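Since this is a predicted model, take the numbers as computed values, not measurements.
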Amino acid sequence: MTDSKHTTHDALEDPRNRDNKIYVNGDLVHRDEAKVSVYDSGFMLGDGMWEGMRLYDGKWAFFDEHMDRFFASCKAVSLDVGMDRAGILDALTRTASANEMHTDVHCRLMLTRGVKVKPFQHPSLSRSGPTLVIIMEHSKPVDSLQSKGIRLATVPQVRGLPMSQDAKYNSHSKLNCVIACLQAEQAGADEGLMLDPHGFVNTTNACNFFIVRKGEVWTSTGDYCMNGVTRQKVIDLCRDNGIPVFEKNFSLYEAYGADEAFLTGTFGAQTPVAEIDGKPIGEGSREMTGRIRALYKELVADNVKSL
């Protein structure tokens, strides 16, 4: 590994974050005092769902899409949110106001099944209602994410079949991704490129993955990965702007020979990939990535204005 290692979530240091107030079940407390029980099902079992969102000019970008996924995921695992979308928005608004946050803010909204009466697995042992935590930070990606790009290493850890643990869940159970991240770090890369159960290129341990080949944009079928909000926005933008885009199976052979590659996620939007398994991607021009990034920036601005 080299000293230049970074991740897709590297942010500029902001001293304001040292005194952030965290939302914990309706209370707003200093980050040093924000705590949940050791009996909480999220801590004990990773039993919970979360969303990552960004605040621009006082508005949450693509709020409805994030809530669609959040409430659908909670319903799928019989996790009672305890409030409706308006309640979630109110909690977000309260937290942003308490921290005097308005723009370039990243939020992690986390819901668990709550405190258990005994330290065992069965969901019925969580009887006091869900635990809702909201962490917000002043957060802007470091410039090197765009200038240098991310180095990926293909890792042995794969995204599994839906009947194992469907990767579409944005769940607290992230060990699969953590293992992939560790494997990439041990290989000297920034993040891990994960394959699907059939050996096709899928996603990274933290973000969705795209390549550009001869003017076409490719990403995985979506069958074995988190169907990210930013991922879908990029697909929609391509379709709306005459850019050929395909959700398809493709191999490492095709990824190695790509003209460009980039990652998508709520935090970094579109982050270029510099190399995969030590092989440089393209000639470094990244024209398509730049075009998509500009279109996405316009989309965010339009979405915020319309709210």
Quiz prompt | More than 12 heavy atoms of other groups within 6.0 Å of K75 NZ | solution = no
Practice problem: Decide yes or no for C207 and F267: does some side-chain heavy atom of the first lie under 4.5 Å from some side-chain heavy atom of the second? | Solution: no
Quiz item: Do side-chain atoms of N205 reach the backbone of A180 as a donor and acceptor pair under 3.5 angstrom?
Solution: no
Quiz item: With distance as the sole criterion, is a donor-acceptor pair present between the side chains of Q232 and N227 under 3.5 Å?
Solution: no
Quiz item: For the side chain of E298 and the backbone of R293, is there at least one donor-acceptor N/O pair under 3.5 Å apart?
Solution: no
Quiz prompt | N/O donor-acceptor pair under 3.5 Å between N303 side chain and A61 backbone | solution = no
Quiz item: Where do N208 and C225 come nearest, in terms of heavy atoms and distance?
Solution: ND2-SG, 3.6 Å
Exercise. Is it possible for you to say whether I134 and W50 belong to one hydrophobic cluster, with membership spreading through side-chain heavy-atom contacts below 4.5 Å?
Key: no
Quiz item: Just checking, any donor-acceptor pair under 3.5 angstrom between side chains of N17 and D14?
Solution: no
Self-check item: Note: K233-E65 ion pair, threshold 4.0 Å (strictly below)
Solution: yes
Quiz prompt | Nearest-0.5 Å distance, SG of residue C238 to CE of residue M288 | solution = 7.0 Å
Practice problem: Measure from the side-chain N and O atoms of H198 to the backbone N and O of F200, and report whether any donor-acceptor pair falls under 3.5 Å. | Solution: no
Quiz item: Mind checking whether F210 and F262 have parallel, tilted or perpendicular rings, split at 30° and 60°?
Solution: parallel
Exercise. Group every Ile, Leu, Val, Met, Phe, Trp and Tyr by side-chain heavy-atom contacts under 4.5 Å, then state whether M194 and I179 land in the same group.
Key: no
Exercise. Please examine the side chains of R31 and K21, heavy atoms only from C-beta on, and report whether any two atoms are closer than 4.5 Å.
Key: no
Quiz item: What pair of heavy atoms forms the shortest contact from R231 to E247, and how long is it?
Solution: NH2-OE1, 3.1 Å
Exercise. Supply the atom-to-atom distance H122 NE2 to S41 OG, rounded to the nearest 0.5 angstrom.
Key: 13.5 Å
Quiz item: How far apart are the C-alpha atoms of V105 and S139, what are their side-chain angles, what is the distance that settles it, and do they pass the side chain to side chain contact (heavy atoms under 4.5 Å, CB included) test?
Solution: CA-CA 5 Å; V105 173; S139 185; over 6 Å; no
Exercise. Examine the side chains of T7 and H9 and answer whether a donor and an acceptor come within less than 3.5 Å of each other.
Key: no
Practice problem: Could you tell me whether a side-chain N or O of D277 sits under 3.5 Å from a main-chain N or O of T154, the two making a donor and an acceptor? | Solution: yes
Self-check item: OH/Y39: more than 12 non-hydrogen atoms of other groups inside 6.0 Å
Solution: no
Exercise. Take S73 and N170 through the test side chain to side chain donor-acceptor pair (under 3.5 Å) and record every step on the way to the result.
Key: CA-CA 7 Å; S73 296; N170 213 10; over 6 Å; no
Quiz item: Sub-3.5 Å donor-acceptor pair from the side chain of S173 to the main-chain atoms of G46, do we have one?
Solution: yes
Exercise. Report the distance from atom CZ of R159 to atom OG1 of T204, rounding to the nearest 0.5 Å.
Key: 7.5 Å
Exercise. Would you give the length of the straight line joining atom CE of M49 to atom CG of L79, rounded to the nearest 0.5 angstrom?
Key: 7.0 Å
Quiz item: Would a 4.5 Å heavy-atom cut-off, applied to side chains only, mark S97 and R94 as touching?
Solution: no
Self-check item: S126 versus K116, side-chain donor and acceptor atoms under 3.5 Å
Solution: yes
Quiz item: After noting the C-alpha distance and the side-chain angles of H30 and D19, does the key distance pass the side chain to side chain donor-acceptor pair (under 3.5 Å) rule?
Solution: CA-CA 6 Å; H30 190 277; D19 290 311; 2.9 Å; yes
Quiz item: Quick one: does D166's side chain have a donor or acceptor within less than 3.5 Å of a partner on Y169's backbone?
Solution: no
Exercise. Taking only Lys NZ, Arg NE, NH1 and NH2, and the carboxylate oxygens of Asp or Glu, determine whether R151 and D190 approach each other closer than 4.0 Å.
Key: yes
Quiz item: Within a reach of under 6.0 Å around NZ of K140, are more than 12 heavy atoms found that belong to other residues, nucleotides or ligands?
Solution: no
Quiz prompt | Polar side chain donor-acceptor pair, E191 to T8, under 3.5 angstrom | solution = yes
Exercise. Report whether I243 and I211 are members of the same hydrophobic cluster (ILVMFWY, side-chain heavy atoms less than 4.5 Å apart, transitive linking).
Key: no
Quiz item: Do you know which two heavy atoms are closest between M44 and P119, and how far apart they sit?
Solution: SD-CA, 3.4 Å
Exercise. Decide side chain to side chain contact (heavy atoms under 4.5 Å, CB included) for M67 and I88; before the verdict, give the C-alpha distance in whole Å, the side-chain angles of both, and the deciding distance to 0.1 Å.
Key: CA-CA 9 Å; M67 291 299 99; I88 293 291; 3.7 Å; yes
Quiz item: Are I150 and V201 linked, directly or through other ILVMFWY residues, by side chains that come within less than 4.5 angstrom of each other?
Solution: yes
Quiz prompt | Shortest non-hydrogen contact from A269 toward Y296 | solution = CB-CE2, 3.7 Å
Quiz item: Does any non-hydrogen side-chain atom of V133 lie less than 4.5 Å from one of I22?
Solution: yes
Exercise. With rounding to the nearest 0.5 Å, note down the distance linking CG in L132 to CG in N25.
Key: 6.5 Å
Self-check item: Worked check of side chain to side chain contact (heavy atoms under 4.5 Å, CB included) between L263 and L152
Solution: CA-CA 11 Å; L263 311 180; L152 301 180; 4.3 Å; yes
Quiz item: How about D143: does its CG atom have over 12 heavy atoms from other parts shown lying under 6.0 Å from it?
Solution: no
Self-check item: Over 12 foreign heavy atoms within 6.0 Å of CZ, F250
Solution: yes
Quiz item: Taking only residues two or more places apart in sequence or in another chain, which ones pass side-chain hydrogen bond (donor to acceptor under 3.5 Å, both in side chains) with E254?
Solution: S251
Exercise. Assess the side chains of T289 and E260: does a donor N or O sit below 3.5 Å from an acceptor N or O?
Key: yes
Quiz item: Is the closest side-chain heavy-atom distance between D47 and T112 below 4.5 Å?
Solution: no
Quiz item: Does M101 offer a backbone N or O that forms a donor-acceptor pair with the side chain of N99 under 3.5 Å?
Solution: no
Quiz prompt | Inter-residue atom distance H138.NE2 - H106.NE2, 0.5 Å rounding | solution = 14.0 Å
Exercise. State, with a plain yes or no, whether a side-chain heavy atom of V300 is found less than 4.5 Å away from one of F62.
Key: yes
Quiz item: If you take all heavy atoms of Y224 and G160, which pair is closest and at what distance?
Solution: CD2-O, 3.6 Å
Quiz item: Think R54 forms a cation-pi with W60, using NZ or CZ under 6.0 Å from the six-ring centre and within 45 degrees of its axis?
Solution: no
Exercise. Could you give me the CA-CA distance, side-chain angles and deciding distance for T219 and F246, then say whether side chain to side chain contact (heavy atoms under 4.5 Å, CB included) is met?
Key: CA-CA 6 Å; T219 192; F246 300 95; over 6 Å; no
Quiz item: Under the 3.5 angstrom rule, does the side chain of N202 hit a backbone N or O of S220 as a donor-acceptor pair?
Solution: no
Exercise. Flag the pair M53 / L109 as yes when at least one side-chain heavy-atom distance between them is below 4.5 Å, and no otherwise.
Key: yes
Quiz item: Are the side chain of E216 and the backbone of V245 linked by a donor-acceptor contact shorter than 3.5 Å?
Solution: no
Practice problem: Would you mind reporting whether F120 and L45 have side-chain heavy atoms less than 4.5 Å apart? | Solution: no
Exercise. Give the minimum heavy-atom separation between I281 and A261, together with the two atoms involved.
Key: CG2-N, 3.8 Å
Quiz item: Who passes side-chain contact (heavy atoms from CB on, under 4.5 Å) against T103, sequence neighbours left out?
Solution: Y56, D57
Quiz item: Regarding K279 and the six-membered ring of Y256, is the cationic atom NZ or CZ under 6.0 Å from the ring centre and inside 45° of its axis?
Solution: yes
Quiz item: Is the closest basic N to carboxylate O distance between D90 and R85 below 4.0 Å?
Solution: no
